[in-house]
Amino acid sequence: MEKKCKSIVWFRRDLRIEDNPALAAVARDGTVLPVFIWCPKEEGPYHPGRVSRWWLKHSLIHLQQSLRSLGAELLVIKADTTLSALLDCINAVGATKVVYNHLYDPISLVRDHNIKQKLVELGIEVQSFNGELLFEPWEVYDDNEQAFTTFNAYWEKCMNAQKDPVSHLPPWRLALAEGAGMNTSVEALNLENESEKSSNALLGRGWSPGWSSADKTFTEFIEHHLLNYSKDRLNVGRNSTSLLSPYLHFGELSVRKVFQSVRMKQLVWKNEQNTVGEESATFFLRAIGLREYSRYICFNFPFTHERSLLSSLQYFPWDSNQAHFKAWRQGRTGYPLVDAGMRELWATGWIHNRIRIIVSSFFVKFLLLPWQWGMKYFWDTLLDADIESDILGWQYISGSLPDGHELERMDSPQVHGFKFDPEGEYVRQWLPELARMPAEWIHHPWDAPLSVLKSAGVDLGSNYPKPLIDMDLARDMLTEAISVMHGKEAAGKAAVTDGTDEVVFDNSEPHEKVAVSKAVAKERKPCPASSSHDQRVPSMRNANSMIQNRKRPNPGEDGRVMKDNVNSCNIDKQVSKMGDDDLCSTAESSSSKKVMTNSRISFSVPQNCSSMSTGAPYPVPESSDHNDSWHEEVGTEEMSSKNGTSNLQISGKQIIHEDES
Ligand SMILES: Cc1cc2nc3c(=O)[nH]c(=O)nc-3n(C[C@H](O)[C@H](O)[C@H](O)COP(=O)(O)OP(=O)(O)OC[C@H]3O[C@@H](n4cnc5c(N)ncnc54)[C@H](O)[C@@H]3O)c2cc1C
């Protein structure tokens, strides 16, 4: 049979065969050249950390073997620019088409858009597909066609959607486009330095990257652990949750498959009147929903990697204390549960969601460190490091989301220790210096009688640190910081009322910020030359015209009002805002709108800081008052309001507890 066309399948974070829409689309169409392009320069500050690169390496080897057994060869290329690598591949095999699955993080959105624009200009057909989500972020809006800013409302809308997610069958065989003749060794990508190999070897004991392991892990979970997920997910022990996050991040497992399988279980349990099972499936689907929501937030509010979704945080007086930051990273804060979590993170590249919430809340609420620093550190050290989920998590704990923890909420690591690690086993595992502390004192050794410390071999300030900051003092400092924040916010408002200031500036960063209203995501009219599958991008508007036309946001009127940064999302002199007609497919953008040109990556996040021993290479803001504002969180399972007891609330506000169910 004569083949109709030659296509490049561009793999990114969709390292699987099953339900891979881009692969499925070309498999039946002609010959294919599957490629993976490693281009660290384009990742900017979001260059993957050691453990994440380790995972990627092994997952690529696995995918390469799988594609080989289907008849094709995965070409892996290390390149200076993705575009040049793609063009080389196109020329080598005479391809006329490039296909890939969508990504939604701020770096990929811009890079993919520019690449598509260039390829279309060169006469190459480009098709993109939804391979990573149940619902595209531009498909779910409220009744006024505004983007949701609370998870429950978003998820309810998703669950009532008329359109069901559709899966794609895996190809039986692939016909390889001949002629590439380039290096195909994953080893040559240098994803793993020599110096990293010994540490990485330990990762292989606990984790097995690749889509077939993803399948096995998922099957094991659904058969044996899903039933009790609603109860078990709150235990900080290793097997209480699915452990699917790295697989889902790298696209080794189709989220549609996960959703459909869990939904089937839910129906079976419902018919059997198994309420425990039914509730567990609901909780697990909500967890999957949080992952969807993280993409939704990043797409519809594309500056959330650097600023809060709530505007008042821009005035928060963060304390850019490098010594505190280092102590937190090294697990030497003097709070055992926090320290155990940070040591586990460093040693294994993974921690339970509960521990993520505890260590990140401590970072923001006790140390008043800018949440973006913590977010970047997680990005550097997690196996499942995922920009969107990381952003959502840090925004959630730091008072940046309308439905996350309130800024005033201050949880005690000591209380949480007794709640989630009552016998102190978790602490003992990760802090050998406290191994002989009795359970009664293990979460607050500073209160222990001298005789107890002595017989446990603990010398506070010597072999285990004294608390970095006293809890009462931390509470007072947080209260003070919030009051400073409110004062500045009021002054900012007064300045606007006076007409002396129309724009709110974020003093955390050296570049100009522009106030924008709540993002409104709505496609007014179909984009010409676009297909329904196309990746959408937030379109860009001239920053100056927005400044002139826009009133300063009124936080009292709508907590979701936010400002934007002209440099975010790498748009020089342009600002990103999704208005009524702001969403376009990349096809339209490529062919007609000349927007987002001359873009560059410009993020205000700190540089890589994954080395524990070398101090903190994070930039010190010019003033402690700098407001790297906006922090965030991932607390996910729990974006619902409940009453709790472990919360040291310092204001009378309603707060969200995630840990009491
Ligand atoms: C501060 C902070 C940072 C985080 N950073 C990341 C990150 O970089 N990468 C990451 O994948 N998750 C992140 N999370 C979310 C969550 O902690 C992990 O997804 C979860 O612990 C992974 O374990 P699991 O696969 O066993 O989860 P399960 O409970 O079994 O959940 C199943 C899947 O649902 C998704 N999910 C669950 N909870 C969340 C959530 N809160 N937000 C988004 N997706 C969720 C994940 O894909 C997860 O694999 C973060 C949470 C916090 C509080």
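Whatever order the structure lists ligands and atoms in, that order sets their numbers, starting from 1.
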Show me which atoms of ligand 1 lie under 4.0 Å from any heavy atom of [X].
X	value
Ser242	24 (P), 25 (O), 26 (O), 28 (P), 30 (O), 32 (C)
Leu382	5 (N), 7 (C), 8 (O)
Leu248	47 (O), 49 (O)
Phe378	1 (C), 2 (C), 3 (C)
Leu244	25 (O), 49 (O)
Ser360	1 (C)
Ile288	33 (C), 34 (O)

Proximity of Trp350 to ligand 1 by residue part, where a heavy atom lies under 4.0 Å: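 The part of Trp350 near ligand 1 is the side chain, not the backbone.
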Nearest option to atom 26 (O) of ligand 1, as decided by whichever heavy atom of Thr241, Asp386, Leu253 sits closest: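 That would be Thr241.
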Measuring from atom 37 (C) of ligand 1, which candidate in Pro246, Ala287, Gly289 has the nearest non-hydrogen atom?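 Nearest option to atom 37 (C) of ligand 1, by heavy atoms: Ala287.
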NZ or CZ of Arg356 within 45° of Trp350 ring axis and under 6.0 Å: yes
Between Tyr229 and Phe283, ring centroids under 6.0 Å: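 Ring centroids of Tyr229 and Phe283 are no less than 6.0 Å from each other.
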Distance alone, cut at 3.5 Å: any donor-acceptor contact between the side chains of [X] and [Y]?
X	Y	result
Glu136	Tyr104	yes
Asn152	Arg286	yes
Glu344	Tyr426	yes

For the backbone of Ile357 and the side chain of Ser361, can you confirm whether one donor and one acceptor N or O come within less than 3.5 Å of each other?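 Indeed, once roles are kept as given, a pair shorter than 3.5 Å links the two residues.
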Any donor-acceptor pair under 3.5 Å linking the side chain of His62 with the backbone of Gly210?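 Not confirmed, His62 side chain does not pair with Gly210 backbone.
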If the contact criterion is a heavy-atom separation under 4.0 Å, does [X] count as touching ligand 1?
X	value
Trp379	no
Tyr293	no
Phe221	no
Ala385	yes

Determine, for Asp112 against Arg12, whether the closest basic-nitrogen to carboxylate-oxygen distance falls under 4.0 angstrom.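 Salt bridge between Asp112 and Arg12, a charged N being under 4.0 Å from a carboxylate O: yes.
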Between Lys257 and Asp215, does a salt bridge (charged side-chain N to carboxylate O under 4.0 Å, His left out) hold up when you go through it step by step? CA-CA 10 Å; Lys257 175 176 171 173; Asp215 260 9; 3.1 Å; yes
Taking the six-membered ring for Trp, are Trp55 and Trp207 parallel (under 30°), tilted (30 to 60°) or perpendicular (over 60°)? perpendicular
Parallel, tilted or perpendicular: ring planes of His102 versus Trp138, cut at 30 and 60 degrees: tilted
Close N or O approach ([X], ligand 1; < 3.5 Å):
X	result
Leu243	yes
Ser294	no
His352	no
Phe284	no

